[in-house]
Amino acid sequence: MAKKQTPQAIRGTQDIFGAEAEAFAFVVETFERIRKLYRFRRAEMPVFEKTEVFARSLGETTDVVSKEMYSFLDRGDESLTLRPEFTAGIARAYLTNGWQQHAPLKLATHGPLFRYERPQKGRYRQFHQLDAEIIGAGEPQADVELLVMADHLLKELGIHDVTLHLNTLGDGESREAWRAALIEYFRAVEDELSEDSQERLEKNPLRILDSKDRKDKPFLADAPKIDDFLSEEARDFFAQVTAGLDAADVKWVRAEALVRGLDYYRHTAFEFIPDEDSASAAALGSQSTVLGGGRYDGLMETLGGPITPAVGWAAGIERLAMLVGERAEEPAADAIVVVEDNSSEALKSGQFALKALRAEGLSAEMISSGSPRKRYDKAVKKSPKHIITFDEMGYGMGQDEDTDPRIFDALPFLK
RNA sequence: GCGAUCGUAGCUCAGUUGGUUAGAGCGCCGGUUUGUGGUACCGGAGGUCGGGGAUUCGAGCUCCCUCGGUCGCCCCA
């Protein structure tokens, strides 16, 4: 008989535990708290959707759609996909549930996303994001509010060495004109570009701008600038966003080369990136973006909805948790109840004590295994604030003068 | 998808140029000691050395394949 093999976890998934799990929870709890301060409403969406929801809204040629989605046929032969991001599903929910009636609608959610990528530091196949969106608001103040909230969240998490990198992609027309100019510019020197960039030229020319390849660098400086293609309105819109940020005292830097990977973005695009050589930069490895998003005024139309302006962002919970660092697990127990043996009287007293302590709001747990001799040692190792023992007669033995008075409230017979 | 690197007990790791029953510390279990205390000592359980194949008289150590981890590229949160 061959030995039974224990199945392995799926590649790129993680089992989080202990201090790491506490950091994860801290990020989510902080987000929940902040989101209420800004009056974003909570939403829950399905983890999977029809494949077209993502294919249409993200753009067929994007990496996410073309090679990173977990898509499968269900038993009814329908192509479904595990969500690779939140926005498309939220847009679909907005359209199919008549949420237009609530517009402008401020929504917040968080949960798992799935992308078939090669795992590495800060990058997983099942990962988690926080997400905030404002749907049905076309004014720059919506962008500002979202950004201020993002900045606030990071501060509350204790992350101070991350800065907002901001850009505008202009409205649809500006973006198209710029894109065309970029293609023309880079096509002229196509042979001298890196292999990656030659490919990007076809699929996503904007991406060439933030190429790190040496071969591309010489051409970057003189590439067409979005600012030269911005319409009057687009320019004004961006000015209002930056003015709002300044008024709210959110630090930002202009990042002309910053573009977003997904097709639906217009106007504001941004990423919060660790400052160079900072502790956060080191903690994140090569994954630099911790929170990113932008305006996606064109998205609703791609899903057959009415023209609906919207802005949003998402932040990687794992990445934020890395910046937060390990969080101590719950502090030591208020009390540990040791039953000296498993006689019925000792156990009975022990259970009674546990219930009374917890009712008093004191954290407590029992130790009832191991040799009688070692039980106390086990309790000591957990370094609780108090240890209460019960012997085979069911008599409890209490503590010294420093004992928390609540212990005596719960267990008056301890004296 | 491409590249680098790693994979020995629950954890952290040793394992000499391939050679008899694979080791340590910590943890766990038990015993002794101590006795208002996380002491010390003794003992025990636990590894088909990620998986498969090849070379060899003989492989944890060599080669190939595969699966994972880690770190880059790409992309992204």
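Just so we're on the same page: letters track the sequence lines, and every chain starts at 1.
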Can you measure [X] atom [atom1] to [N] atom [atom2] for me and round it to whole angstrom units?
{"X": "A:E117", "N": "B:C2", "atom1": "CD", "atom2": "P", "value": "15 Å"}
{"X": "A:L206", "N": "B:C75", "atom1": "CG", "atom2": "C1'", "value": "15 Å"}
{"X": "A:Y116", "N": "B:C2", "atom1": "OH", "atom2": "P", "value": "11 Å"}
{"X": "A:D15", "N": "B:G69", "atom1": "CG", "atom2": "C1'", "value": "13 Å"}
{"X": "A:D213", "N": "B:C75", "atom1": "CG", "atom2": "P", "value": "10 Å"}
{"X": "A:K67", "N": "B:C74", "atom1": "NZ", "atom2": "P", "value": "12 Å"}
{"X": "A:D377", "N": "B:U39", "atom1": "CG", "atom2": "P", "value": "7 Å"}
{"X": "A:R11", "N": "B:G1", "atom1": "CZ", "atom2": "P", "value": "9 Å"}

Taking any heavy-atom pair under 4.0 Å as a contact, classify [X]: base, sugar-phosphate, or nothing.
{"X": "A:G285", "result": "sugar-phosphate"}
{"X": "A:E68", "result": "sugar-phosphate"}
{"X": "A:R319", "result": "base"}
{"X": "A:Y124", "result": "base"}

On a whole-Å scale, what distance lies between the [atom1] atoms belonging to [N] and [M]?
{"N": "B:G46", "M": "B:G10", "atom1": "C1'", "answer": "9 Å"}
{"N": "B:U8", "M": "B:G44", "atom1": "P", "answer": "25 Å"}
{"N": "B:G69", "M": "B:C11", "atom1": "C1'", "answer": "16 Å"}
{"N": "B:U5", "M": "B:A77", "atom1": "P", "answer": "31 Å"}
{"N": "B:G15", "M": "B:C49", "atom1": "C1'", "answer": "10 Å"}
{"N": "B:C64", "M": "B:C26", "atom1": "P", "answer": "39 Å"}
{"N": "B:C6", "M": "B:C13", "atom1": "C1'", "answer": "14 Å"}
{"N": "B:C71", "M": "B:C65", "atom1": "P", "answer": "25 Å"}

Is it true that atom [atom1] of [X] has more than 12 heavy atoms of other residues, nucleotides or ligands lying nearer than 6.0 Å?
{"X": "A:Y185", "atom1": "OH", "value": "yes"}
{"X": "A:E301", "atom1": "CD", "value": "yes"}
{"X": "A:F219", "atom1": "CZ", "value": "yes"}
{"X": "A:K225", "atom1": "NZ", "value": "yes"}

Using 0.5 Å steps for rounding, measure from the [atom1] atom of [X] to the [atom2] atom of [Y].
{"X": "A:K355", "Y": "A:E360", "atom1": "NZ", "atom2": "CD", "result": "13.5 Å"}
{"X": "A:L130", "Y": "A:L320", "atom1": "CG", "atom2": "CG", "result": "6.0 Å"}
{"X": "A:L169", "Y": "A:S174", "atom1": "CG", "atom2": "OG", "result": "9.5 Å"}

Nearest-nucleotide check on RNA chain B, A:R123 vs A:E318; residue mapping nearer the 5' end is A:R123
Taking for A:L284 and for A:I10 the nucleotide of RNA chain B with the nearest heavy atom, the one nearer the 5' end belongs to A:I10
Counterpart base for [N], defined by Watson-Crick or G-U wobble contacts under 3.5 Å:
{"N": "B:G10", "value": "B:C26"}
{"N": "B:A4", "value": "B:U70"}
{"N": "B:U56", "value": "none"}
{"N": "B:G35", "value": "none"}
{"N": "B:G46", "value": "none"}

Considering only [options], which nucleotide approaches the side chain of [X] most closely?
{"X": "A:R118", "options": "B:G1, B:A77, B:G68", "value": "B:G1"}
{"X": "A:R115", "options": "B:A77, B:C74, B:G69", "value": "B:A77"}
{"X": "A:K121", "options": "B:C71, B:G1, B:C67", "value": "B:C71"}
{"X": "A:K378", "options": "B:A77, B:C29, B:G68", "value": "B:C29"}
{"X": "A:V380", "options": "B:G69, B:G72, B:G38", "value": "B:G38"}

- Task: Classify the side chain of A:R200 and the base of B:C75 as holding, or not holding, a donor-acceptor pair under 3.5 Å.
- Result: no
Checklist entry - Is the distance from OP1 or OP2 of B:C67 to the nearest side-chain N or O of A:Q8 less than 4.0 Å? => result no
### Query
Quick one: is A:S286 getting a side-chain N or O under 4.0 Å of the B:C71 phosphate, OP1 or OP2?
no
Query raised in the report: Do A:N167 side-chain atoms and A:E256 backbone N/O form a donor-acceptor pair below 3.5 Å?
Result: yes
